[in-house]
Amino acid sequence: MKHTSLLTLTLALAAFAARAEDKPLLAIPGKVIYENNLSSGAGAPWKAAKGKWEAVDGVLRGSELEADKHGAVTRLPNKLKDFVIEYEFKFSGAKATSLSINAIKDHMARIMITPKTVTVQRDDNDHEGPDKAVVFARFPTELGEGWHKVRLEMVGDKMLGKVDDLVAWGASDLFLTEKASPGFTVSGQSVDFRNFSLTEATLNPAWEEVKATLPKPGEKVAAAAKPAGKGKKKAE
């Protein structure tokens with residue numbers, strides 16, 4: 001009887017810890033749009049634009065190909081409103097990876113990750129025009145070996161990015177337009193991905209209280225790392 005009680009208590013504490021870790025931030029996740037543990041790679045509906053994407057040891061591995069002269073890119077075709085994306089990744093030699101969201105024309109937002117930095121930003125939306133990227137936060141970090149969890153939430157004019165325990169948010173009128181084509185990018189060789197989920201979302205009623213605990217947009221912006229050399233490739 002004591003053994004059963006101890007087991008019940010252990011399971012209850014584990015469930016409580018899981019709920020605490022996944023407490024709502026900007027968004028409340030809703031209906032599942034798409035889920036894939038990526039153990040068989042990224043077949044349809046994923047569409048690889050650049051690079052090599054393959055199933056390796058039960059996960060999806062993305063690698064840049066030198067002949068492409070461009071980072072590896074694979075995307076889903078979805079057009080989105082408010083949503084939450086979650087997945088896990090592991091560096092396997094690459095220089096950088098990102099989760100990016102496109103606008104109907106050009107880029108919208110991304111979480112950019114290197115082994116030493118995590119950046120949450122609104123993207124440059126017109127390449128050669130007057131628009132420029134807006135960095136909401138850039139955290140110095142040391143992402144060692146092993147798996148890391150990424151979460152991107154977009155609701156209304158706001159986005160929130162989370163990598164492990166690093167969290168930042170920002171707002172832009174651009175986010176009120178239709179969002180499209182969520183996808184991974186990889187610079188170098190290689191990055192592993194697993195456990196991808198995309199859900200609909202609604203605004204967390206407690207967002208104002210949550211926001212008060214987070215850095216203000218632009219408050220935590222460490223200096224960007226200098227490129228390793230000339231001919232820096234642009235992440236798409």
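Taking every heavy atom of both residues into account, His148 and Asp164 meet most closely at ND1-OD2, 2.7 Å. Smallest separation of non-hydrogen atoms from Ile111 and Arg151: CD1-O, 3.6 Å. Looking at every heavy atom in both residues, Lys220 comes nearest to Pro215 through CG-CB, 3.6 Å. Pro182 approaches Asn78 most closely through the heavy-atom pair CD-O, 3.9 Å. The shortest non-hydrogen separation linking Lys79 to Glu178 is CD-OE1, 3.5 Å. Closest heavy-atom contact between Gln121 and Ala133: NE2-CB, 3.8 Å.
Atoms NZ and OG, from Lys52 and Ser63 in turn, are 7.0 Å apart once rounded to the nearest 0.5 Å. The CD atom of Glu64 sits 11.5 Å away from atom OG1 of Thr97, with the distance rounded to the nearest 0.5 Å. Of the inter-residue distances, the one linking Lys158 atom NZ with Leu176 atom CG reads 8.5 Å to the nearest 0.5 angstrom.
Taking the ring axis of Trp53 as reference, the NZ or CZ atom of Arg61 does not stay both within 45° of it and closer than 6.0 Å to the ring centre.
By the criterion of side-chain heavy atoms lying less than 4.5 angstrom apart, applied directly or through intervening Ile, Leu, Val, Met, Phe, Trp or Tyr residues, Val167 is not grouped with Val134; the two fall into different hydrophobic clusters. Residues Leu76 and Ile101 fall within the same hydrophobic cluster, defined by Ile, Leu, Val, Met, Phe, Trp and Tyr side chains chained together at heavy-atom separations under 4.5 Å. Under the 4.5 Å side-chain heavy-atom criterion for grouping Ile, Leu, Val, Met, Phe, Trp and Tyr, Phe91 is connected to Leu166 within one hydrophobic cluster. Under the 4.5 Å side-chain heavy-atom criterion for ILVMFWY residues, no single connected hydrophobic cluster contains both Leu174 and Val155. No path of Ile, Leu, Val, Met, Phe, Trp and Tyr side chains, each step under 4.5 Å between heavy atoms, connects Val221 with Phe136, placing them in separate hydrophobic clusters.
Within a 6.0 Å radius of CD in Glu219, other residues, nucleotides and ligands contribute more than 12 heavy atoms. In this structure, Lys211 places its NZ atom where more than 12 heavy-atom neighbours from other residues, nucleotides or ligands lie under 6.0 Å away.
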Step by step, work out the side chain to side chain contact (heavy atoms under 4.5 Å, CB included) result for Thr141 and Thr117. CA-CA 5 Å; Thr141 188; Thr117 60; 5.5 Å; no
Can Ser98 and Arg110 be said to form a side chain to side chain donor-acceptor pair (under 3.5 Å), step by step? CA-CA 7 Å; Ser98 75; Arg110 77 182 59 228; 3.1 Å; yes
Working note: Lys116 + Glu142, criterion side chain to side chain contact (heavy atoms under 4.5 Å, CB included); need CA distance, chi angles, decisive distance, verdict. CA-CA 5 Å; Lys116 293 186 178 295; Glu142 291 290 339; 3.0 Å; yes
Would Met159 and Val120 count as a side chain to side chain contact (heavy atoms under 4.5 Å, CB included) if you check the C-alpha gap in whole Å, the side-chain angles of each, and the deciding distance to 0.1 Å? CA-CA 9 Å; Met159 73 172 289; Val120 178; 3.7 Å; yes
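When side chains are defined from C-beta on, Phe139 does not count as touching Thr119, because their heavy atoms never get closer than 4.5 Å. Side-chain contact between Asp82 and Met154 is absent, with no heavy-atom pair separated by less than 4.5 Å. Inter-residue side-chain proximity for Val186 and Thr74 is flagged as unmet; no heavy-atom pair is nearer than 4.5 Å. Residues Val150 and Ile113 are in side-chain contact: their nearest non-hydrogen atoms beyond the backbone lie under 4.5 Å apart. With contacts defined as side-chain heavy-atom distances shorter than 4.5 Å, the pair Asn102/Arg75 qualifies. Side-chain contact between Phe175 and Met108 is present, with heavy atoms from C-beta onward closer than 4.5 Å. Residues Glu88 and Phe196 fail the side-chain proximity criterion, which asks for heavy atoms closer than 4.5 Å. Put simply, the side chain of Leu60 does not reach to within 4.5 Å of the side chain of Asp192, judged on heavy atoms.
For the residue pair Ser172 and Arg122, a side-chain donor N or O sits within less than 3.5 Å of a side-chain acceptor on the partner. Between the side chains of Ser92 and Ser190, not a single donor N or O lies within less than 3.5 Å of an accepting N or O.
Put simply, the side chain of Gln189 never gets that close to the backbone of Ala94: no donor and acceptor are under 3.5 Å apart. Counting only distance, with no hydrogens or angles, the side chain of Asp123 and the backbone of His107 share no donor-acceptor pair below 3.5 Å. Checking side-chain atoms of Asn204 against main-chain N and O of Ala206 turns up a donor-acceptor pair under 3.5 Å. For His70 (side chain) and Glu66 (main-chain N/O), no donor-acceptor pair under 3.5 Å exists by modelled atom type.
We find that Lys132 and Asp124 are not joined by a salt bridge, their nearest charged nitrogen and carboxylate oxygen being 4.0 Å or further apart.
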Listed pairs under 3.5 Å, donor-acceptor, residues 25-38 side chains, sequence neighbours left out:
unit_1, atom_1, unit_2, atom_2, d
Tyr34, OH, Asn36, ND2, 2.9
Tyr34, OH, Trp46, NE1, 2.9
Asn36, OD1, Leu38, N, 2.7
Asn37, OD1, Ser39, N, 2.9
Asn37, OD1, Ser39, OG, 2.8

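The aromatic rings of Tyr87 and Phe89 are tilted relative to each other, their planes meeting at an angle between 30° and 60°.
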